Student: 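Would you mind keeping the following structure in view while I ask a few things?
Computed from a predicted structure; not experimentally measured. One-based numbering along the sequence shown.
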Amino acid sequence: MDEFKQKVRENWNVHAKDYDEQYQHGLKSAGEREAWMKLLAQLIPEKNARILDVGAGTGFLSLMLAQLGHQVKGVDLSPGMLDKAKKKAKTAKLANIEFAEGDAEALEEPSEKYDIVINRHLLWAMPNPKQAVSEWARVLKPGGRLLVLEFSKPILEPLSKAYDAYSFHVLPRIGELVANDAESYRYLAESIRMHPDQDTLKAMMQDAEFENVEYFNMTAGVVALHRGYKF
């Protein structure tokens, strides 16, 4: 594992213990995570799909999809985050879900295994996002699809300025008060602002040979949901 990924792994291990509590306070999504993820889940209308959740974290999305009857595997770089996810799955008594450590850019999964690959708020932390998108294409079956829920670029200028002010000034202060860690939240804000915008990510998916790629702006583009098909 390279130095950058090791640092990412260690950072999320540290934050695993209070990650869910931070979201309850709306630290990373202004309290809209549940609405974003429910919309994502609605784009999976079929029953009993085989789904790979890349960057599963503490398992919020994986468990939501398993409770809808899908066969779900969640992978993440952080064992600390996965420990919490496994405890949640055990408490929920779900037999159709599993979790394992995994690198989003080099998955230890067979090719053409999954109907759907899904991830959220992950690409901003990837050293090589193009490699990650290509890897996700590899593990999808022909006819399968990729769903990417990611921080993006607000489409309204006034909102863009307000979002930057929140990200760079308010978010680190709340992180300091709630998690005693302003620096990580400052890094998060800086990384998000460097993330590809909606059309750049769309082109990245097309370069990985996804077809019919489209995106849906949410919260006026603060978050965008991209969808593409492998044929």
Student: Just verifying a value: how many Å separate Thr58 OG1 and Lys86 NZ, rounded to the nearest 0.5 Å?
Tutor: 13.5 Å
Student: Nearest 0.5 Å, please: how far is CZ in Arg120 from CZ in Phe60?
Tutor: 9.0 Å
Student: Roughly how far apart are Leu147 CG and Trp136 CH2, rounded to 0.5 Å?
Tutor: 11.5 Å
Student: Check side-chain hydrogen bond (donor to acceptor under 3.5 Å, both in side chains) between Glu46 and all other residues, then give those that pass, not counting sequence neighbours.
Tutor: Arg145
Student: Taking the side chain as every heavy atom from C-beta outward, state whether Val75 and Leu107 have any pair of such atoms under 4.5 Å apart.
Tutor: yes
Student: Distance check, rounded to the nearest 0.5 Å: Leu146 atom CG versus Asn119 atom CG?
Tutor: 6.5 Å
Student: Heavy atoms, side chains only, cut-off 4.5 Å: are Phe210 and Val133 in contact?
Tutor: yes
Student: I'd like to check His121 versus Val223 (side-chain heavy atoms, cut-off strictly below 4.5 Å). Are they in contact?
Tutor: yes
Student: Check whether any side-chain heavy atom of Ile118 sits under 4.5 Å from a side-chain heavy atom of Leu52, and report yes or no.
Tutor: no
Student: Using side chain to side chain contact (heavy atoms under 4.5 Å, CB included) as the criterion, list what pairs up with Thr200, not counting sequence neighbours.
Tutor: Pro196, Asp197
Student: Just wondering, do Asn96 and Val72 contact through their side chains at under 4.5 Å, heavy atoms?
Tutor: no
Student: Would you say the side chain of Asp76 lies within less than 4.5 Å of the side chain of Glu101, judging by non-hydrogen atoms?
Tutor: no
Student: For residues 60-74, pull every pair meeting side-chain hydrogen bond (donor to acceptor under 3.5 Å, both in side chains), keeping only residues two or more places apart or in separate chains.
Tutor: Asn48-Gln71, Asp53-Ser62, Lys73-Glu109
Student: Hydrophobic cluster membership, with links at side-chain heavy-atom distances under 4.5 Å among I/L/V/M/F/W/Y: are Leu122 and Val117 in one?
Tutor: yes
Student: Sequence neighbours left out, what passes salt bridge (charged side-chain N to carboxylate O under 4.0 Å, His left out) with Glu108? Give chain and number order.
Tutor: none
Student: Pairs of donor and acceptor atoms involving the side chains of residues 224-231, under 3.5 Å and at least two apart or interchain, shall be tabulated with distances.
Tutor:
residue, atom, partner, partner atom, Å
His226, NE2, Gln198, O, 2.9
Arg227, NE, Glu214, OE2, 3.3
Arg227, NH2, Glu214, OE2, 2.5
Lys230, NZ, Ala137, O, 2.8
Lys230, NZ, Leu140, O, 2.6

Student: Output every pair passing salt bridge (Lys or Arg N to Asp or Glu O under 4.0 Å) with a member in residues 132-144, not counting sequence neighbours, ordered by first then second residue.
Tutor: Asp115-Lys141, Glu135-Arg138
Student: Nearest 0.5 angstrom please: Leu82 CG to Glu98 CD, how far?
Tutor: 11.5 Å
Student: Under a single-linkage definition using a 4.5 Å side-chain heavy-atom cutoff for Ile, Leu, Val, Met, Phe, Trp and Tyr, are Met64 and Leu94 assigned to the same hydrophobic cluster?
Tutor: yes
Student: Using 0.5 Å steps for rounding, measure from the CG atom of Leu63 to the CD1 atom of Ile97.
Tutor: 4.0 Å
Student: What is the minimum heavy-atom distance between Gly74 and Ala56, and which atoms define it?
Tutor: CA-CB, 3.7 Å
Student: Is the number of heavy atoms from other residues, nucleotides or ligands under 6.0 Å of Lys113 NZ greater than 12?
Tutor: yes
Student: Please list all pairs passing the side-chain hydrogen bond (donor to acceptor under 3.5 Å, both in side chains) test where one or both residues lie in residues 203-213, with sequence neighbours left out.
Tutor: none
Student: Same cluster or not: Leu43 versus Ile116, using hydrophobic residues (I, L, V, M, F, W, Y) connected whenever any side-chain heavy atoms lie under 4.5 Å apart?
Tutor: yes
Student: Kindly write out the residues that satisfy side chain to side chain contact (heavy atoms under 4.5 Å, CB included) with Lys87, not counting sequence neighbours, or none if the list is empty.
Tutor: none
Student: For Arg50, give me all partners under salt bridge (charged side-chain N to carboxylate O under 4.0 Å, His left out), at least two apart in sequence or on another chain.
Tutor: none
